[in-house]
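In what follows, a single structure is set out as structure tokens and then discussed.
Note that this is a predicted model, so its numbers are computed, not measured. Residue numbers run from 1 in the order of the sequence given. Atoms within a ligand are numbered from 1 in the order they appear, just like the ligands themselves.
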Amino acid sequence: MFSARYVDVPINRYTRLLHPKLVTLIVTKSGDGRVNVMPASWAMPTSVDPPLLTVAVSPRRYTYELLQARGEFTVNPVPVGMKSVVDFTGSVSGREVDKARSAGIGLFDAKELSVPCVEGALSCIECSVWAQYPAGDHVLVVGRVRVARVLEDVWDGTTYILDRAKPLLHLGGDKYSTSESEI
Ligand SMILES: Cc1cc2nc3c(=O)[nH]c(=O)nc-3n(C[C@H](O)[C@H](O)[C@H](O)COP(=O)(O)O)c2cc1C
């Protein structure tokens, strides 16, 4: 007999059932050259050939506006040590604050884009906008991956070395977790 009990989750909380998710920092740039950084946990691999990834971005975000302006972004998964950067960049909009400058976020040049990568992130995936699909209160922004780079020390050639990478996981809301070891 199957006896486990399931309880209803409010529909507007269904997203939490798909977490934890890696926290990434999405970097964009304005027409006048100002860099903006926003955390996103709704980013997912979408296609291998051509290499595509999708980020669900609310059109209310300054990041969305900058994606329309320049059509380029980088996706930077972060380690647990960067949680304070995630807290800050997720709590204010780049419309009000130059987040990269005021938080002293280190940036380095991307290989193919004018938009930079985040220092200390585990990896940097350079994308140009390939397609966009409105989806309810978010827009699915599909990026064509141009370049992908990873910190040498946390990569075994095919996957992250989890106990070195210590990726920051988002449980939902203001809750986070660390990943345990590989199984
Ligand atoms: C851990 C975390 C994950 C987030 N994931 C997303 C996401 O996937 N999509 C999104 O539109 N906003 C997401 N947000 C909210 C934005 O990061 C937040 O509203 C940010 O301040 C927007 O900055 P901007 O206006 O400078 O673009 C997330 C926030 C946090 C803290």
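- No more than 12 heavy atoms of other residues, nucleotides or ligands shown are found within 6.0 angstrom of CH2 on Trp130.
- No more than 12 heavy atoms of other residues, nucleotides or ligands sit less than 6.0 Å from atom CG of Asp109.
- For Arg13, the side chain to side chain contact (heavy atoms under 4.5 Å, CB included) partners two or more places apart in sequence, or in a different chain, are Val9, Pro10, Arg16.
- Within 6.0 Å of CD1 on Ile11 lie no more than 12 heavy atoms contributed by other residues, nucleotides or ligands.
- The shortest side-chain heavy-atom distance between Ser41 and His19 falls under the 4.5 Å cut-off.
- The two residues Thr54 and Leu140 have their closest heavy-atom pair at CG2-CB, 3.9 Å.
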Can you list every pair where an N/O of ligand 1 is under 3.5 Å from an N/O on the protein?
{"residue": "ligand 1", "atom": "5 (N)", "partner": "Ser41", "partner atom": "N", "Å": "3.0"}
{"residue": "ligand 1", "atom": "8 (O)", "partner": "Ser41", "partner atom": "N", "Å": "3.4"}
{"residue": "ligand 1", "atom": "8 (O)", "partner": "Trp42", "partner atom": "N", "Å": "3.0"}
{"residue": "ligand 1", "atom": "9 (N)", "partner": "Ala56", "partner atom": "O", "Å": "2.8"}
{"residue": "ligand 1", "atom": "11 (O)", "partner": "Ser58", "partner atom": "N", "Å": "2.9"}
{"residue": "ligand 1", "atom": "11 (O)", "partner": "Arg61", "partner atom": "NE", "Å": "3.0"}
{"residue": "ligand 1", "atom": "12 (N)", "partner": "Arg61", "partner atom": "NE", "Å": "3.0"}
{"residue": "ligand 1", "atom": "12 (N)", "partner": "Arg61", "partner atom": "NH2", "Å": "3.3"}
{"residue": "ligand 1", "atom": "14 (N)", "partner": "Pro39", "partner atom": "O", "Å": "3.4"}
{"residue": "ligand 1", "atom": "17 (O)", "partner": "Pro39", "partner atom": "O", "Å": "2.9"}
{"residue": "ligand 1", "atom": "19 (O)", "partner": "Arg61", "partner atom": "NE", "Å": "3.4"}
{"residue": "ligand 1", "atom": "19 (O)", "partner": "Arg61", "partner atom": "NH1", "Å": "3.4"}
{"residue": "ligand 1", "atom": "21 (O)", "partner": "Thr89", "partner atom": "O", "Å": "3.4"}
{"residue": "ligand 1", "atom": "21 (O)", "partner": "Gly90", "partner atom": "O", "Å": "3.4"}
{"residue": "ligand 1", "atom": "21 (O)", "partner": "Val92", "partner atom": "O", "Å": "2.9"}
{"residue": "ligand 1", "atom": "23 (O)", "partner": "Lys99", "partner atom": "NZ", "Å": "3.0"}
{"residue": "ligand 1", "atom": "25 (O)", "partner": "Tyr62", "partner atom": "N", "Å": "2.9"}
{"residue": "ligand 1", "atom": "25 (O)", "partner": "Ser93", "partner atom": "OG", "Å": "2.8"}
{"residue": "ligand 1", "atom": "26 (O)", "partner": "Asn36", "partner atom": "ND2", "Å": "2.9"}
{"residue": "ligand 1", "atom": "26 (O)", "partner": "Gly94", "partner atom": "N", "Å": "2.7"}
{"residue": "ligand 1", "atom": "26 (O)", "partner": "Lys99", "partner atom": "NZ", "Å": "2.8"}
{"residue": "ligand 1", "atom": "27 (O)", "partner": "Tyr62", "partner atom": "N", "Å": "3.3"}
{"residue": "ligand 1", "atom": "27 (O)", "partner": "Thr63", "partner atom": "N", "Å": "2.9"}
{"residue": "ligand 1", "atom": "27 (O)", "partner": "Thr63", "partner atom": "OG1", "Å": "2.6"}

